[in-house]
Amino acid sequence: MYKINKYFFLMSLLSVLIQCSKKDKKSSVNQSNQTQQIISQNFSCMLGNSNFNTSDMNCAPLITQGIDSLLMLNAYSQTDSISFGFTLKVNGLGNFSHDSSTVSTINRFVLNYGSPGINLVTYISKSGTINVTKYDRPNNIYAGTFSAIMTLSSNPSSTLAISNGTFYAQP
């Protein structure tokens, strides 16, 4: 009887160890899959009738006196010589508008075509909104949608619509 119990105990222990080993392997596989996930970022919009899409971007809050005061986003394409960005009074989730009461580029959308000093064309928003759908400062994850009506800085009667804008930033 003693030998049977000892045998049963050893088999039970072996079975438990095998089950734990399988769980550890599943756990480590899941962990390795998580670390292999590609962190993505994307910025896209329609500039008039042209699609602009890039993963070359950066996004971060500006913090003044310990409080998030502005959200800065810059997206660019060196191939197309386009840079687009905004610095808006955004400090969380929700809808935010640009400030049309000032000509400052702070709290505005800005679009540049060309290279600085060489045929640079700049548009500044006449009106614009952003809907922030993800604002996770501890993890630096920001996402949302936007649209704007831009005016040519050298000729304010010339406008350019920006529509269907989306961004997702996770450095």
Side-chain angles (χ1 to χ4, degrees), residues 32-171:
S32 68
N33 284 343
Q34 288 175 352
T35 58
Q36 290 176 4
Q37 289 177 348
I38 297 171
I39 297 173
S40 65
Q41 49 190 35
N42 187 43
F43 180 96
S44 66
C45 64
M46 292 297 293
L47 299 174
N49 294 325
S50 300
N51 188 32
F52 177 60
N53 190 349
T54 184
S55 61
D56 293 328
M57 62 179 291
N58 54 53
C59 185
L62 265 180
I63 302 167
T64 307
Q65 297 174 354
I67 300 171
D68 294 5
S69 56
L70 299 169
L71 182 66
M72 296 175 46
L73 182 141
N74 293 299
Y76 46 90
S77 169
Q78 292 180 343
T79 307
D80 299 326
S81 297
I82 296 174
S83 68
F84 182 84
F86 57 77
T87 304
L88 293 178
K89 292 179 182 175
V90 172
N91 57 5
L93 299 177
N95 288 308
F96 301 89
S97 295
H98 88 129
D99 183 1
S100 60
S101 66
T102 179
V103 293
S104 170
T105 57
I106 293 189
N107 209 30
R108 285 256 165 108
F109 295 87
V110 178
L111 172 66
N112 289 306
Y113 286 102
S115 301
I118 306 171
N119 301 325
L120 182 65
V121 176
T122 301
Y123 285 86
I124 298 175
S125 59
K126 177 179 180 179
S127 64
T129 59
I130 181 171
N131 179 25
V132 178
T133 57
K134 180 96 174 166
Y135 192 89
D136 182 352
R137 194 175 100 189
N139 295 307
N140 288 324
I141 303 171
Y142 307 96
T145 60
F146 61 92
S147 63
I149 301 295
M150 309 294 282
T151 61
L152 186 59
S153 61
S154 62
N155 181 4
S157 64
S158 179
T159 61
L160 175 66
I162 296 180
S163 59
N164 300 327
T166 64
F167 68 94
Y168 180 86
Q170 181 178 3

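Please read all numbers here as calculations on a predicted model, not as lab measurements. Along the sequence shown, the residues carry numbers beginning at 1.
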Discussion item. Under the criterion side chain to side chain contact (heavy atoms under 4.5 Å, CB included), I'd like the reasoning laid out for Y168 against I141: C-alpha separation, chi angles, the key distance, then a yes or no.
Written reply: CA-CA 7 Å; Y168 180 86; I141 303 171; 3.7 Å; yes

Please find the pair of heavy atoms, one from [X] and one from [Y], that lie closest to each other, and give the distance.
X: M150; Y: I162; answer: CG-CD1, 3.4 Å
X: S125; Y: A148; answer: CB-CB, 4.4 Å
X: Y142; Y: A60; answer: CE1-CA, 4.4 Å
X: T54; Y: A75; answer: CG2-CB, 3.8 Å
X: H98; Y: R108; answer: ND1-NE, 3.0 Å
X: L73; Y: C59; answer: CD1-SG, 3.9 Å

Worksheet item: Do the rings of F86 and F109 sit parallel, tilted or perpendicular, given the 30° and 60° boundaries?
Response: perpendicular

Worksheet item: Going through the distances and angles, do Y123 and L47 end up as a side chain to side chain contact (heavy atoms under 4.5 Å, CB included)?
Response: CA-CA 11 Å; Y123 285 86; L47 299 174; over 6 Å; no

Practice prompt. Say whether, by atom type as modelled, one donor and one acceptor occur between the side chain of T122 and the main chain of N112 under 3.5 angstrom.
Written response: no

Worksheet item: Is the side chain of N74 donor-acceptor paired with the backbone N or O of G85 at a distance under 3.5 Å, no angle test?
Response: no

Straight-line distance of [X] [atom1] to [Y] [atom2], nearest 0.5 Å:
X: N140; Y: Q41; atom1: CG; atom2: CD; answer: 10.5 Å
X: T133; Y: L93; atom1: OG1; atom2: CG; answer: 7.5 Å
X: S83; Y: Q78; atom1: OG; atom2: CD; answer: 10.5 Å
X: I149; Y: K126; atom1: CD1; atom2: NZ; answer: 8.0 Å

Side chains of [X] and [Y], heavy atoms from C-beta outward: is any pair under 4.5 Å?
X: Y76; Y: F43; value: no
X: L71; Y: L88; value: no
X: I82; Y: F52; value: yes

Fill in: Close aromatic pair by centroid cut-off 6.0 Å: F84 and F167
no

Worksheet item: Step by step, would you call L160 with L152 a side chain to side chain contact (heavy atoms under 4.5 Å, CB included)?
Response: CA-CA 8 Å; L160 175 66; L152 186 59; over 6 Å; no

